[in-house]
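Small disclaimer: the values here were computed from a predicted structure and weren't measured.
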Amino acid sequence: MKIGILISGRGSNMAAISDAMASGEIPASKVAVVISDKAGAEGLTKARDRGIETVVVERKGRSRAEHDTEIGDELEKRGVELICLAGYMRLLSPEFVRRFAGKIVNIHPSLLPAFPGLDAQKQAFDAGVKVTGCTVHYVDELLDHGPVILQKEVPRLPDDTVETLTQRILNEEHDLYIAALKKLQSEVQ
Ligand code: GRF
């Protein structure tokens, strides 16, 4: 399974996925390319350190659809079979979602459908929930929406701050993304 990962920032999920593929924990899979819409994304260095090809495709005032077409072309050129969004901070165009229908997955730091959008951990914290978590799901044309692949609950502890809760969710995200990709990989066998 050849995958492409889209990032905009830190890239810790990208690193976790890449390491799990390189070690064989996710079998018969390889990260073909990491694409960022931000030239300064920290995750680009993490990818290069792992010997993974990186490409920067900036928006540069173009329409969402034009930007996404260039990203799609870079993915297709490399024969990518599955696209993983990992902290990619742009909503994808409907054209892109249709072009790669059923082949795009995302991770989100809440138990979707609860708390879509930005700062999901803070949204959950402020709402006073006792349990939140993270979700890996197929991407459709709506934000943080589409069929769920796996979810993991994370309790909010009595002395949690938004920061400590966010960090515990992030630790679970890495394991959940790996588990979801193992599941998808076993289904294409
Ligand atoms: C993660 O919390 C992910 O769920 C959200 O953005 C964050 C990205 O973190 N979509 P990283 O870039 O993978 O470290």
Side-chain angles (χ1 to χ4, degrees), residues 3-20 25-26 34-38 41-43 46 59 64 67-68 71 82-187:
I3 76 155
I5 307 182
L6 304 193
I7 63 167
S8 297
R10 180 178 55 192
S12 70
N13 279 288
M14 179 280 301
I17 294 167
S18 304
D19 292 346
E25 185 184 356
I26 303 171
V34 169
I35 300 180
S36 173
D37 64 323
K38 298 265 181 287
E42 216 186 300
K46 291 192 176 92
R59 175 93 178 252
R64 192 182 297 281
H67 182 218
D68 287 357
I71 292 173
L82 183 75
I83 301 162
C84 297
L85 309 184
Y88 185 68
M89 299 307 285
R90 274 187 192 288
L91 184 62
L92 294 166
S93 59
E95 292 85 351
F96 186 93
V97 175
R98 284 197 291 268
R99 180 174 175 184
F100 297 101
K103 293 181 178 172
I104 314 171
V105 299
N106 180 42
I107 187 149
H108 183 77
S110 75
L111 295 176
L112 291 173
F115 311 117
L118 287 176
D119 296 326
Q121 306 93 330
K122 182 169 187 304
Q123 290 185 52
F125 188 88
D126 290 347
V129 297
K130 291 204 163 50
V131 176
T132 179
C134 45
T135 304
V136 177
H137 65 99
Y138 285 105
V139 169
D140 66 14
E141 294 179 22
L142 303 176
L143 178 67
D144 299 324
H145 192 270
V148 169
I149 300 167
L150 285 179
Q151 290 187 306
K152 177 76 197 267
E153 291 186 353
V154 177
R156 174 191 171 153
L157 303 178
D159 56 355
D160 258 339
T161 60
V162 177
E163 289 73 28
T164 58
L165 180 60
T166 297
Q167 184 57 49
R168 286 210 324 287
I169 295 172
L170 186 65
N171 295 342
E172 295 298 339
E173 286 185 43
H174 298 160
D175 291 347
L176 191 74
Y177 222 153
I178 292 167
L181 292 173
K182 277 167 108 163
K183 184 168 187 258
L184 296 186
Q185 201 282 335
S186 71
E187 287 169 6

Please report the shortest heavy-atom distance between [X] and [Y], naming the atom on each side.
X: Ser8; Y: Ala41; value: O-CB, 3.6 Å
X: Leu176; Y: Cys134; value: CD2-O, 3.5 Å
X: Leu165; Y: Pro155; value: CD1-O, 3.9 Å
X: Leu181; Y: Cys84; value: CD2-SG, 3.9 Å
X: Thr161; Y: Thr164; value: N-OG1, 2.8 Å
X: Tyr88; Y: Ile7; value: CD1-O, 3.5 Å

Euclidean distance, [Y] [atom2] relative to [X] [atom1], rounded to 0.5 Å:
X: Ile26; Y: Ser18; atom1: CD1; atom2: OG; answer: 9.0 Å
X: Leu6; Y: Ile104; atom1: CG; atom2: CD1; answer: 8.5 Å
X: Ile107; Y: Leu85; atom1: CD1; atom2: CG; answer: 11.0 Å
X: Asp175; Y: Leu150; atom1: CG; atom2: CG; answer: 11.5 Å
X: Ile169; Y: Lys152; atom1: CD1; atom2: NZ; answer: 11.5 Å
X: Phe96; Y: Leu91; atom1: CZ; atom2: CG; answer: 11.5 Å

For the pair Val139 and Ile83, evaluate side chain to side chain contact (heavy atoms under 4.5 Å, CB included) and give the outcome as yes or no after the intermediate values. CA-CA 10 Å; Val139 169; Ile83 301 162; over 6 Å; no

Could you check whether any side-chain N or O of [X] sits under 3.5 Å from a backbone N or O of [Y], counting only pairs where one atom can act as donor and the other as acceptor?
X: Gln121; Y: Val162; answer: no
X: Arg156; Y: Phe125; answer: yes
X: Gln151; Y: Leu112; answer: yes
X: Ser110; Y: Ala120; answer: no

Does the pair Lys122 and Thr166 meet the rule for a side chain to side chain contact (heavy atoms under 4.5 Å, CB included), with working shown? CA-CA 8 Å; Lys122 182 169 187 304; Thr166 297; over 6 Å; no

How about [X] and [Y]: do any of their side-chain heavy atoms sit closer than 4.5 Å?
X: Tyr177; Y: Val105; value: yes
X: Glu25; Y: Lys182; value: yes
X: Pro109; Y: Glu173; value: yes
X: Asn13; Y: His174; value: yes
X: Leu92; Y: Ile71; value: no
X: Tyr138; Y: Leu184; value: yes
X: Leu157; Y: Arg168; value: yes
X: Lys46; Y: Arg10; value: yes

Could Glu141 and Arg98 be called an ion pair, given the rule that one side-chain N must be under 4.0 Å from one carboxylate O?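 So Glu141 pairs with Arg98 through a salt bridge.
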
For the side chain to side chain contact (heavy atoms under 4.5 Å, CB included) test, which of Asp126, Thr135, Val129 pairs with Phe115? Val129

Please walk me through it: do Arg59 and Arg90 pass side chain to side chain contact (heavy atoms under 4.5 Å, CB included)? CA-CA 10 Å; Arg59 175 93 178 252; Arg90 274 187 192 288; 2.9 Å; yes

Taking atom NE2 of His145 as the centre, does the number of heavy atoms from other residues, nucleotides or ligands within less than 6.0 Å exceed 12? no

